[in-house]
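Read the structure below first, then the notes.
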Amino acid sequence: MDERGPLCVGIDPHASLLTEWGLNDDVAGLERFSRTVVEAMAERVAVLKPQSAFFERFGARGVAVLEKSVQEARAAGALVVMDAKRGDIGSTMAAYAESFLHKDAPLSSDALTVSPYLGYGSLRPAVELARENGAGLFVLALTSNPEGGEVQHAVRTDGRNVAATMLAHLATENAGEAPLGSFGAVVGATLGDLSSYDLDINGPLLAPGIGAQGATPADLPGVFGAAVRNVVPNVSRGVLRYGPDVVALQEAADRFAEEIRAAVTAA
């Protein structure tokens, strides 16, 4: 992020977005879309975040496109966060982790989004494999969807809510790491003032919601406070709607990165 700017661009090939690009909603359209985004972004943005579901819906051929996109993006120097939101227990969680975090896996990524709502301890196989392979996790903590509150805001018997508990677990994982640990939280940029939460987890905060979902770069300091310098702001449709023109995509990403840098620097 210091070298390329504080921006994560999603690779989200919605059917509607494929149509907007003049592409068919099929594997050929998926491949063209993904190739264009990687070509435009992988050598200039810090992070690319493919949403695996939009590839998986095409079966094995879609997953093959995802594999190629991940490998080409990483080869060009971008970090890849696989947005798969996996969550399970025991050997099944370990298998998910091996699919995305093992250095020799076809879908090997720099980080994986995971769901902790079978209990944070259920993520232990992923935490351990991430450490072994120099990778990281982004744990769902305070998500921007309105339904999330019924779980994340639930209060435990110790008086702390579930989201705060997840943040505390991550702070423990990252204790003593410099400059940051590799275990981050997903915290929506649309949530408003979060000063009641301790976001200083010594790890990155993946912040979806900028652009089409309504948040702006200028909102970030008010949402994240002192932790804003550890935020990885995610923009998807706000950039992707400028495709398939490669130059237009790059210019949109550059604008967001500069606006975010200015907002963070001013904080």
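All values below were derived from every heavy atom in this structure, side-chain atoms included, with hydrogens, water molecules and symmetry-related copies excluded.
Here the OH atom belonging to Y197 is positioned 8.0 Å from the CG atom belonging to L167, to the nearest 0.5 angstrom. Distance check, rounded to the nearest 0.5 Å: OG1 of T165 to CG of L170 gives 11.0 Å. Expressed to the nearest 0.5 Å, how far CZ of R229 lies from CG of L180 amounts to 12.5 Å. The CZ atom of F55 lies 8.0 Å from the CE atom of M82; values are rounded to the nearest 0.5 Å. The distance from the CZ atom of F33 to the CD1 atom of I11 is 8.0 Å, given to the nearest 0.5 Å. Note that CD1 of I89 is 12.0 Å distant from CG of L123, once rounded to the nearest 0.5 Å.
The local environment of CG in D104 is crowded, with over 12 non-hydrogen atoms from other residues, nucleotides or ligands closer than 6.0 Å. For CZ of R61, the number of neighbouring non-hydrogen atoms (other residues, nucleotides, ligands) closer than 6.0 Å is 12 at most.
Classification of D110 and R74 as a salt-bridged pair holds, one side-chain N sitting under 4.0 Å from a carboxylate O.
Note on residues 30-40: no pairs pass side-chain hydrogen bond (donor to acceptor under 3.5 Å, both in side chains), not counting sequence neighbours. Sorted by first and then second residue, the salt bridge (charged side-chain N to carboxylate O under 4.0 Å, His left out) pairs involving residues 191-218 (not counting sequence neighbours) form an empty list.
Looking at heavy atoms from C-beta onward, S108 lies out of side-chain contact with V70 at the 4.5 angstrom threshold. In this structure, V127 and Y120 have side chains that are in contact, with non-hydrogen atoms separated by less than 4.5 Å.
Considering every non-hydrogen atom in both L23 and G29, the closest pair reads CD1-O, 3.5 Å.
Screening L205, V186, V187, V162 for a side chain to side chain contact (heavy atoms under 4.5 Å, CB included) with L142, the sole residue that qualifies is V187.
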Can you give the donor-acceptor pairs under 3.5 Å from side chains of residues 255-267 to other protein atoms, not counting sequence neighbours?
{"unit_1": "T265", "atom_1": "OG1", "unit_2": "R261", "atom_2": "O", "d": "2.7"}

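Distance alone, capped at 3.5 Å, is enough to place a donor-acceptor pair between the N202 side chain and the N174 backbone. Y96 places no side-chain N or O within 3.5 Å of a backbone atom of A126 that could act as its donor or acceptor partner.
Side chains of S182 and E177: no donor on one and acceptor on the other come within 3.5 Å.
Both F224 and V235 are assigned to one and the same hydrophobic cluster, defined by single-linkage of ILVMFWY side chains at heavy-atom distances under 4.5 Å.
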